[in-house]
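One structure is given here, and the rest of the page talks about it.
Chain identifiers are assigned alphabetically (A, B, ...) following the order of the sequence lines, protein sequences preceding nucleic acid strands; residue numbering begins at 1 within each chain.
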Amino acid sequence: MENNLVIVESPAKAKTIKRFLGDDFIVKSSYGHIRDLSKKNLGIDVDNGFTPEYEIPADKKKVVSELKKLASQVKTVWLASDEDREGEAISWHLSEVLKLKESSYKRIVFHEITKDAIQNAIDNPRSIDLNLVNAQQARRILDRLVGFKLSPLLWKKIKPSLSAGRVQSVSVKLIVEREREINAFKSKSEYKVFGFFIINGISVKSELNKKFKTKQEAAVFLESLKEESFHVADLVKKPGKKSPAPPFTTSTLQQEAGRKLGMSVAQTMKFAQGLYENGHITYMRTDSVNLSSLAINTIKSEIVKSFGVEYSKVRQFQTKTKGAQEAHEAIRPTFVNAENIEMGKQEQRLYDLIWKRAVASQMSDAKIEKTILTVNNDKNNVSFITTGEIVSFDGFLKLYMESSDDETTEEKQSSLPNAKINDEAIVERVESFEKYDQPPYRYTEASLVKKMEELGIGRPSTYAPTISTIQQRDYVVKESRPPKIRVIGSLTLTKGNLTETKLDEKFGGEANKLFPTSMGVVVTDYLAGHFEEILDYNFTAQIEEKFDHIADGDVTWTDMIAKFYKGFNVKVEASLKEKENSKWERELGKHPQTGLPIILKIGKYGPYASVEGGEKPLYASLRKNQNIESITIEEVLDLFRLPRTLGEYEEDQVIVALGKYGPYVKNNGAFYALQKTDDPYTVSLERALEIIEEKKKNVKEAFSRSFDEMPGLKVLKGRYGPYISYEKKNYRIPKSLDPELITLDECKNIIEKKK
DNA sequence: CAGTGAGCGAGCTTCCGCTTGACTT
C-alpha cells in the first residue's frame, strides 16, 4: 500500500511525474477545478458577506469520489496544483472537499517537470497560501457578479440569451471600435517616385525621398529630370543584427500558427493538446517564456552538434506580459533531439514550428550589413535612396524567422553594386505611382488574442474559448471579403519621354478577419453607455492590482468586492428601472421618393431598415453581411425592392423574395429556390414559372418507398445517399443493399442494429 | 425553413478559469 498521494491538475502531467517518483507514490489528477459557484442561481449570498455557494459539478463527481477514497488510504496527500492563483485555489478546494487534516497534507509547487524540480518540491513543502486563495475567490466572484447581472439585463433590454462579461464584452468592443475607425478613415493618396538606374552594370531600384500631393506636381518634377544626369552621392554601410524571438507562449503560438500555418486559434490549441498528451511538447497553456535549465542545456548541445558552436548563444528571456503568472515553462519540445514526430499532418506542422522557435531562441544573432545608396543630380534638391541588406552571418535565421501582422512588407534589395561616390548612375526610367494610405487593420483571431494579452484580458486557457463565444453569440463574425478595384494614376519617364497611364489596383480584400455584427454594435453601445467602468480597457488591469493587494494580505477580499458591488449594483438597478429598452436607432437619410426618414433598428428578428409614416410602411431585414452601422442608403433601397410581385399563376400571386436560404419564388404556399444564375431583382414571370414547373416535376419523380405493414417507415434518397426514415430518425442503408429492392425485414434489421 | 417589427407571459438563457473526454453528423 502506497503512503503518498500526489494530486496535480493535468492527467498527462500526472503520468510524467509518476516516472520520477518511487513506488510509494500514487499520482492522480484533479482535472482542473473540482468545485465552482452554483450554476442554478447567482451562487453568492450578497447580503451575507458575499458567501460563495460552492458545489461539485456533475462531471467532477467521479474524480472527486476517487480522490476522496485514495486520500483516506494514504498517510500524506501532496497538493501539487500549479503555482498560481487558480492553482492555489484548486489545492484549497481539494483540502476542503477531501476533508484533509492539517497534518495529513502538504502543499508543493514546481514550474518545470524535471526530476530535480520535483524532488526539490517534495523536500520543501509549505502550507496553503490563504491570501492567494482569497484573491482567486475575489476574481471568481467578481466575474460571476458582472456576468450574471449584466447578461439578464441584456435579456430584458435587448434580446434573450445574450451574454456579457468582463472579458468577452471588452473583446467585442475592440472589434466594434476598430470597425468604426475603419469606417471613419478617409484614404488619402500621394505620388511616390521610383528611379531605375544602372550603376556599374547593375540595375538598382530606388525611391525618391520626397512624395507629391498631386499628379501635376509629380509630372512637373519628372519633367525637370529630362535633361539631367545622375551620380552616386553617398554610400553608407552600417552593421546591424537581428535577434531571435523568445520561445512560444500560448498567445504567440496562436499568432504564429495563424500567420504561418493558417490555423484558427481553436485548431492550434486542439493540435497542441494532442502533442502535449503524447508527450511531445511541454504544457501548451502558459504565459511564460522561461525555459528550464535542462532544456537550455539540451538545446545547446543540439545546436552545437547540428550547426557548430558559433551558432549557439544561451539566452534566458524575461516575461513581460501584464499579469503573467508563470506557473509553467514556455512551450517547447520535450525531447529536443526528436526533430520529427509521428502524428497527424497538422500536428507535425505545429510541432515543427514549436521545435524551430524553441531551438532558434537559443541561437546566435544574425549579423546584417545594411547599405544605403544615395543617387542624385546637382540640380534638384532631392535624392533617390536604395536600402540593401546582406546577411553576413545567418545565426538563428538558419532555422526560423517570426512573421509579422503587417501586411505591407517593404521591399529591400539584397545586393547592391560596388560603387564609389561620383560613379555614374545611368537613368533607365523614372516612374511615379499614386499610393493610397491604409486604414487600420481588422483583427484576425490571433491578433485579437495579442491585443487581449496586451491589455491583460483573459488567460492562456481562455483565449480560444472566448473567441469562440463571441462568434457563437453572434457579436462577431469571421469573414473573408473580395478586394475592390480602384484606378490609380501613373507616370513614366523613359528616354526623355513622359507618358501617363491609369492602372487598376486591388484594395480592401480581407481573409478571415473579424467583423462586428449589428448585435455586437448594439450590445457594445448599450454596455459602454451604462457601464463605462467595466467596458474600459483598463478595468481588468485595475482590479488585478486589487487582487494583488489581497494576495499580499493588505486588503480583505470581501471589502474589495463590497466596494465594487455597491457602485455596480446601483447602476444595474437603475438600468433595470429605465422604462425604455435599448433604443439603438440610426437615421440613414431620407427616402428619395417620399422624403420620409430611413431608420435602422434592431428588433426581435434582428437588424432591419424601416420607413414609417407613409401609406404603406416599408420594412426589410438586413442581409447577413450587412451591418446596421455601415450599410449605405443604396443598399437599403435595394433591400426595399424585394419582395416583388411578378403576376399570377394558378389563381395565386407569384412573389419573388429573399429568404434566410437565398432568393426564392413563392406561389400557392410553396417555396421554390432560385438558381444561382437568376437575379431576384430582374427575374421575369416566365422564368419564375419555369422554376415552379421544374421543381414540381422533380418532386413527382422523387424516390420514395413505403410498406403497408409499417406506414411510418419510409425509404428515401437524400443528399448523402439512400436512407430509412422512421420515427423522426434517419438510418443509412449500406451500399450492399439496393434501396429499390430492400425488404421490410432488412429495414428493421438496420434500425435494430443502430439501437 | 423563407411572412414578421405591439405586448403579454412561462420558462429558459448567462460569467471566467482550470482541466479533458464523450458524444453525433
Side-chain angles (χ1 to χ4, degrees), chain A residues 8-14 29-37 39-44 57 59-60 62-63 81-82 84-91 93 136 139-156 159-169 171 269-270 273-274 276-277 283-285 325 327 457-466 469 472-473 534 540 581 599 601-610 612 617-621 642-643 655-666 669-674 680 719-720 729-730 732 754:
Chain A
V8 294
E9 292 183 34
S10 142
K13 197 169 170 181
S29 146
S30 73
Y31 293 81
H33 275 293
I34 52 146
R35 273 209 307 197
D36 193 15
L37 297 174
K39 249 191 162 70
K40 295 189 286 286
N41 43 45
L42 189 61
I44 302 160
D59 59 332
K60 288 292 164 64
K62 219 179 122 193
V63 193
S81 47
D82 296 345
D84 58 16
R85 201 161 62 200
E86 299 296 326
E88 203 65 19
I90 289 173
S91 277
H93 282 299
Q136 192 275 346
R139 198 281 304 156
R140 179 68 190 93
I141 282 164
L142 184 134
D143 281 338
R144 173 56 74 88
L145 288 171
V146 170
F148 274 38
K149 289 280 180 183
L150 292 189
S151 301
L153 185 60
L154 296 180
W155 306 341
K156 190 167 175 226
K159 203 183 116 166
S161 301
L162 293 174
S163 67
R166 173 177 58 82
V167 172
Q168 60 168 280
S169 297
S171 304
M269 293 313 283
K270 200 183 119 201
Q273 178 87 28
Y276 169 67
E277 283 171 9
Y283 197 56
M284 64 284 155
R285 291 186 276 263
Q325 310 240 340
I457 305 169
R459 302 277 309 128
S461 67
T462 60
Y463 294 138
T466 303
T469 301
Q472 267 167 25
R473 297 268 179 280
I534 288 168
T540 291
N581 290 347
I599 309 283
K601 283 191 239 184
I602 198 150
K604 257 197 291 193
Y605 313 105
Y608 66 100
S610 68
E612 284 164 350
L618 292 170
Y619 291 107
S621 285
L642 291 176
I655 294 165
V656 183
L658 201 63
K660 222 156 122 186
Y661 307 99
Y664 64 93
V665 183
K666 190 180 166 190
F671 298 92
Y672 308 88
L674 256 61
R719 261 200 302 170
Y720 309 114
K729 280 191 174 160
N730 297 336
R732 177 173 294 189
K754 185 94 182 241

Counting distance only, does the side-chain N/O of A:T462 pair as donor-acceptor with the main-chain N or O of A:G458 below 3.5 Å?
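Not confirmed, A:T462 side chain does not pair with A:G458 backbone.
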Do A:K13 side-chain atoms and A:S29 backbone N/O form a donor-acceptor pair below 3.5 Å?
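Judged by distance alone, no pair lies under 3.5 Å.
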Can you name the side chain to side chain contact (heavy atoms under 4.5 Å, CB included) partners of A:D84, sequence neighbours left out?
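Checked A:D84 against side chain to side chain contact (heavy atoms under 4.5 Å, CB included); matches are A:D82, A:E86, A:Q325, A:A327.
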Results of side chain to side chain contact (heavy atoms under 4.5 Å, CB included) for A:T469 - residues two or more places apart only:
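Testing A:T469 for side chain to side chain contact (heavy atoms under 4.5 Å, CB included), a comparison that skips the adjacent residues, returns A:Q168, A:R473.
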For atom NZ of A:K159, is the number of surrounding heavy atoms from other residues, nucleotides or ligands below 6.0 Å larger than 12?
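Atom NZ in A:K159 is not crowded, with 12 or fewer foreign heavy atoms closer than 6.0 Å.
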Within a 6.0 Å radius of atom NZ on A:K601, are there more than 12 heavy atoms belonging to other residues, nucleotides or ligands?
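Yes, enclosed.
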Any A:R473 side-chain nitrogen or oxygen under 4.0 Å from OP1 or OP2 of B:dC15
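Yes.
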Presence of salt bridge, A:D36 and A:R140, under 4.0 angstrom
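Salt bridge present between A:R140 and A:D36.
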Each stem that DNA chain B is part of, given as range with range (3 or more consecutive Watson-Crick or G-U pairs, under 3.5 Å)
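Stems found: none.
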Could you run down the sub-3.5 Å N/O contacts of the protein with nucleotides 10-12 of chain B?
none

In chain order, what residues pass the side chain to side chain donor-acceptor pair (under 3.5 Å) check against A:Q472, with sequence neighbours excluded?
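Counting only residues at least two positions away or on another chain, A:Q472 forms no side chain to side chain donor-acceptor pair (under 3.5 Å).
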Heteroatom pairs (N/O) under 3.5 angstrom, protein to nucleotides 18-21 of chain B:
{"residue": "B:dC18", "atom": "OP2", "partner": "A:S461", "partner atom": "OG", "Å": "2.9"}
{"residue": "B:dC18", "atom": "O5'", "partner": "A:S461", "partner atom": "OG", "Å": "3.4"}
{"residue": "B:dC18", "atom": "O3'", "partner": "A:E9", "partner atom": "OE1", "Å": "3.2"}
{"residue": "B:dC18", "atom": "O2", "partner": "A:H33", "partner atom": "N", "Å": "2.6"}
{"residue": "B:dT19", "atom": "OP1", "partner": "A:Y283", "partner atom": "OH", "Å": "2.3"}
{"residue": "B:dT19", "atom": "OP2", "partner": "A:Y283", "partner atom": "OH", "Å": "2.7"}
{"residue": "B:dT19", "atom": "OP2", "partner": "A:R285", "partner atom": "NE", "Å": "2.9"}
{"residue": "B:dT19", "atom": "O5'", "partner": "A:Y283", "partner atom": "OH", "Å": "3.3"}
{"residue": "B:dT19", "atom": "O4'", "partner": "A:G32", "partner atom": "N", "Å": "3.4"}
{"residue": "B:dT20", "atom": "OP1", "partner": "A:S10", "partner atom": "OG", "Å": "2.5"}
{"residue": "B:dT20", "atom": "OP2", "partner": "A:Q273", "partner atom": "NE2", "Å": "3.2"}
{"residue": "B:dT20", "atom": "OP2", "partner": "A:R285", "partner atom": "NH2", "Å": "2.7"}

